[in-house]
Amino acid sequence: MSADDDARRLQVADPTGWFEKLYAEAEAGTASVPWDVPQPQPHLVEWADGVDGTGRRALVVGCGYGRDAEFLASLGFEVTAFDISPTAIAAVRERHPDSSVSYVVADLLDPPAQWRRAFDLVVENMTVQALPVALHAEATEQVAALTGGELLVLAVARDEGPDPDGPPWPLTPAEVEAFAGDGLAPRSIRRDNGRWVAEFVRQVAMN
Ligand SMILES: C[S@@+](CC[C@H](N)C(=O)[O-])C[C@H]1O[C@@H](n2cnc3c(N)ncnc32)[C@H](O)[C@@H]1O
């Protein structure tokens, strides 16, 4: 059975709980996690060209095994990274025992109140698309609310049309544009090789 089949089998009627089951099975050696790759997301690496994170706080949403979080830490960011799966967070801490990243178990759909607009940079890489379409609007709103400065959204793209039989549930143009709520403005939204690379920035209120 492929890693994608493992993910699909465990998703049945449990939109967020199946991640923990998948990570637990992976720890037991009976399943593999499709996104368990060592290198950071290439579009994040491209975005980061010339970026110095020194003195800036970054938040990585749905961090999994920490590939993007570790990369941002290497750029000097003070990184917090969270995932709903306690097993994933235990595993990432074990993989990176000397990491400067603060790895936290948290739910995007109910994040800690003190995180609201607390981060200079938020990176959302494939978490919203891992949730059923019915949860996309709520998850998107939460991602935007965590962003104090810039937001980078990386996701698989699809056209408008009938909902796919996920997971995953790639994002439509309207779903990507929806991150521009709650005071965030789009800086650039592009589609590259079937993926969204979308940047948003919080607008400063002028008095
Ligand atoms: C497709 S994986 C992507 C992982 C990571 N961003 C990467 O690219 O390696 C989606 C991740 O989001 C996490 N996740 C799903 N729902 C979540 C939620 N409500 N809150 C926090 N994390 C969540 C899953 O446990 C999983 O690690």
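The residues of the chain are indexed from 1 along the displayed sequence. Counting convention: from 1, in listed order, for ligands and their atoms alike. For the numbers below, each heavy atom of this structure counts, side chains included, while hydrogens, waters and symmetry mates do not. Just so it is clear, the model here is predicted, and its values are computed rather than measured.
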Under 4.0 Å from one or more heavy atoms of D107, ligand 1 contributes atoms 18 (C), 19 (N), 20 (N)
So side chain to side chain donor-acceptor pair (under 3.5 Å) across residues 76-94, not counting sequence neighbours, yields E20-S85, E20-T87
Ranked by distance from atom 11 (C) of ligand 1, the top protein heavy atom is G62 O, 3.7 Å
| field | Geometric cation-pi criterion, R95 with Y65: 6.0 Å, 45° | value | yes
Q. Taking 4.0 angstrom as the limit, do R67 and D36 come out as a salt bridge?
A. no
re atom 20 (N) of ligand 1, the protein heavy-atom contact at minimum distance is L108 N, 2.8 Å
**Prompt:** Taking atom types as modelled and ignoring hydrogens, do the side chains of T140 and E175 form a donor-acceptor contact shorter than 3.5 angstrom?
**Reply:** no
Ranked by distance from atom 23 (C) of ligand 1, the top protein heavy atom is I84 CG2, 3.6 Å
shortest atom 1 (C) of ligand 1-to-protein heavy-atom contact is with M126 O, 3.3 Å
For G64, the ligand 1 atoms with a heavy-atom partner under 4.0 Å come out as 27 (O)
Q. Quick one: does D83 get an N or O within less than 3.5 Å of an N or O on ligand 1?
A. yes
Short question: side chain of D107, backbone of I84 - any donor-acceptor pair under 3.5 Å? no
Quick look: A106 vs ligand 1, heavy-atom contacts under 4.0 Å, and the answer is backbone
Students should find that the hydrophobic cluster of V105, defined by side-chain heavy atoms under 4.5 Å apart, otherwise consists of L44, V45, W47, V51, V60, F71, L72, L75, F77, V79, I89, V92, V101, Y103, L121, V123, L152, L154, V197
Looking only at non-hydrogen atoms, the one of L109, N125, T127 nearest atom 3 (C) of ligand 1 is N125
Taking only non-hydrogen atoms of L131 and a 4.0 Å limit, the atoms of ligand 1 in range are 16 (N)
Closest non-hydrogen atoms of V176 and A198, given as atom of the first, atom of the second and distance, are CG1-CB, 3.7 Å
Quick note on ligand 1: atoms under 4.0 Å from a heavy atom of Y23 include exactly 25 (O), 26 (C), 27 (O)
Honestly, for Y65 the part within reach of ligand 1 (heavy atoms, under 4.0 Å) is neither
(Q) Would R190 and W196 count as a cation-pi pair here, with the cationic atom under 6.0 angstrom from the ring centre and within 45° of the axis? (A) no
**Q.** Derivation and outcome, salt bridge (Lys or Arg N to Asp or Glu O under 4.0 Å), residues E150 and R187
**A.** CA-CA 9 Å; E150 315 175 56; R187 179 188 281 156; 3.0 Å; yes
Atom 15 (C) of ligand 1: closest protein heavy atom, distance to 0.1 Å, is F19 CE1, 3.2 Å
Note: R67, heavy atoms under 4.0 Å from ligand 1, region reported as side chain
